[in-house]
2 protein chains.
Amino acid sequence: MPLRPTDAEHIRHLSFFRASTDATFDKAIAGGFLQKFPAGTTLLMEGDTVDFLYILLEGSVELGAGWKSKDTTLAILRPVSTFILAAVVLDADALMTAVTLERSEILMVPGESLRRAMKEDAEFCFAVSEELSGCYRGLVRSIKNHKLRDSTERLANYLLTQRARQGGKIEIVLPHEKRVLASLLGMTPENLSRAFLKLQAQGVTVDGARVRLEKVTALERLARPSPLIDNHFAQPRNELGKAHTERQKGLLDGKGSA
Amino acid sequence: MPLRPTDAEHIRHLSFFRASTDATFDKAIAGGFLQKFPAGTTLLMEGDTVDFLYILLEGSVELGAGWKSKDTTLAILRPVSTFILAAVVLDADALMTAVTLERSEILMVPGESLRRAMKEDAEFCFAVSEELSGCYRGLVRSIKNHKLRDSTERLANYLLTQRARQGGKIEIVLPHEKRVLASLLGMTPENLSRAFLKLQAQGVTVDGARVRLEKVTALERLARPSPLIDNHFAQPRNELGKAHTERQKGLLDGKGSA
DNA sequence: CGTTTAGTTGAGCATGCTCAACGGTCGTGG
DNA sequence: CCACGACCGTTGAGCATGCTCAACTAAACG
């Protein structure tokens, strides 16, 4: 569908469009459209030429990559996230495959429109640069998480991140299937099970998708969350509260762009 | 030193300054200066506030990070590379520590100057976005390299990348100490030794820093280099030959920015 | 009901790490 | 000039983390 004005107004307040002028906004999304995809749809394969910037508005999307019959998950996105921004800016091929995990609603913006708007409006271009920088730092965090922590530590920190995001309650709900979570955390489903068992000593009990964290301090002592890796610490916001704009999310369950 | 005009003219042609106007260039590097550092100097620790964009002109710099008494190398930079660009754009704290590996010459540009120039000149801002996008994609490649390949495969691909960069000769020279190389490839020095031994079957012989690749096809069969991971494939350049600008380097021995 | 799929549990294995010892090289200082 | 020490690189032995493969359970779905 060719993007109704009401949708446009909604999108207007998302991501790096917030700060743009009406004229730039119209230019940037010229030719854009909203589309719904069922679960399991491959939006883009690594190596494909990228014609659109994708903005996930509903559902969830997995970014992954493969080599020699191996596959790995690089990120899982939830709304509102852009993806493959970097490839769009460079007009280059995708480095990651994007697949919907659930029925998803996605705004597709022609790369050419976005690049033109960037080149004509420095304010807007700077906002896109901020978005790109946030994506970059999300990746750096993700690498540090994987190279410096073992699988149990990654799970512990993931649980604490979810806790912070879900309001600090004693019980959290896992937002993904455990197999997907395992892949996101860089382990096999078998090892995720075993990691949960190990965390029983830190007061973690599991019942399906519901996880209770009874001894948060013990869990934190093992997890040692750090603002230089995890992204669930209080975000500095400027006076207007319009986020300065590194994202709330980090990359583990965060955002990406190829 | 406060950046002599001759140096400025030299820098003028580097990185994302190439396409900028004189006025923007002057604005961007206002207050910048050139500085030399001995080997082993810590330029920046993770968590520090970032006041300058760094541009490496001579020498080499390691970007690393630590957690709970573990440390890891994220990238090794060679000239000409920017680093911590993303932190500068967001005016945020550094996520990585930067240390000189050799005596190095580095241009330091005040973040405020750079940001102001970006906000006033859309062309320039777009060029910085392209740089950021290249950094981002370098990181994606690095993650894929680490998650999809074992240590021997990473070494094999590293050797092929060096071969391509050094002109395809039968003998290449390792540009770093083996301990540094090991860290870059995500393994211990001990395992790097053993990985070299394994590659003897593929015609790889080592004599100090000099490595001979006698059976390149056998090595390639094991390494299976891919344009979606490695960055040593022919770069598409536009008619003007002015690189479209994803970098020649990739991130393994490439570029980064926090 | 049978079938399928997610999740768990166990056994064995592989990759990579730690720790220790040793050889070689280089730079310093006697 | 030589002796010593520091450090890089290599090699070996043992260990740990995480993976594979297989069996089994439970819930979902036709």
Side-chain angles (χ1 to χ4, degrees), chain A residues 39-40 60 62 66-73 76 101-102 145-159 173-201 204-211 222-223, chain B residues 38-40 60 62 66-73 76 101-103 145-159 173-201 204-211 222-223:
Chain A
S60 61
E62 178 194 28
W67 181 75
K68 250 192 185 183
S69 81
K70 265 182 207 161
D71 280 286
T72 188
T73 299
I76 293 173
L101 290 176
E102 325 163 25
N145 191 41
H146 280 274
K147 289 184 78 166
L148 295 170
R149 290 171 172 162
D150 68 24
S151 61
T152 308
E153 290 167 339
R154 290 199 296 276
L155 174 59
N157 278 289
Y158 175 83
L159 294 176
V173 178
L174 302 177
H176 313 289
E177 281 183 346
K178 290 213 184 78
R179 51 193 358 274
V180 173
L181 178 57
S183 177
L184 179 63
L185 292 174
M187 49 181 149
T188 56
E190 294 94 319
N191 271 335
L192 178 60
S193 273
R194 291 188 255 264
F196 271 121
L197 285 185
K198 284 188 201 164
L199 291 182
Q200 279 180 3
V204 175
T205 54
V206 185
D207 172 31
R210 302 184 322 172
V211 179
L222 184 151
Chain B
S60 62
E62 178 194 28
W67 180 75
K68 251 193 187 182
S69 80
K70 265 182 207 161
D71 280 286
T72 189
T73 299
I76 293 174
L101 291 176
E102 325 163 25
R103 172 176 174 74
N145 191 40
H146 279 273
K147 289 183 78 167
L148 295 170
R149 290 170 172 162
D150 68 24
S151 60
T152 308
E153 289 166 339
R154 290 198 296 275
L155 174 59
N157 278 290
Y158 176 83
L159 294 175
V173 178
L174 302 177
H176 312 289
E177 281 182 345
K178 290 214 184 78
R179 51 193 2 274
V180 174
L181 178 57
S183 178
L184 179 63
L185 293 174
M187 48 181 149
T188 56
E190 294 94 319
N191 271 336
L192 178 59
S193 273
R194 292 188 256 265
F196 271 121
L197 285 184
K198 283 188 203 166
L199 291 182
Q200 279 181 2
V204 175
T205 54
V206 185
D207 172 30
R210 301 185 323 173
V211 180
L222 184 150

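Lettering of chains follows the sequences in order, A, B, ..., and the numbering in each one begins at 1.
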Rounding to a whole Å, what distance do you find between [X]:[atom1] and [N]:[atom2]?
X        : N      : atom1 : atom2 : value
B:Arg179 : D:dC7  : CZ    : P     : 10 Å
B:Lys178 : D:dT11 : NZ    : C1'   : 14 Å
A:Leu101 : C:dA6  : CG    : P     : 13 Å

Minimum-distance pair of heavy atoms, taken over all atoms of A:Ala156 and A:Leu222 = CB-CD2, 3.8 Å

For B:Gly208 and B:Lys178, which heavy atoms make the closest approach, and how far apart are they?
-> O-NZ, 3.0 Å

Quick one: what's the B/S/- string for nucleotides 12-30 of chain D, heavy-atom cutoff under 4.0 Å, read 5' to 3'?
-> BB----SBBB---------

[atom1]-[atom2] distance between [X] and [Y], expressed to the nearest 0.5 angstrom:
X        : Y        : atom1 : atom2 : result
B:Lys147 : A:Trp67  : NZ    : CH2   : 15.5 Å
B:His176 : B:Glu62  : NE2   : CD    : 10.0 Å
B:Leu192 : B:Arg154 : CG    : CZ    : 11.0 Å

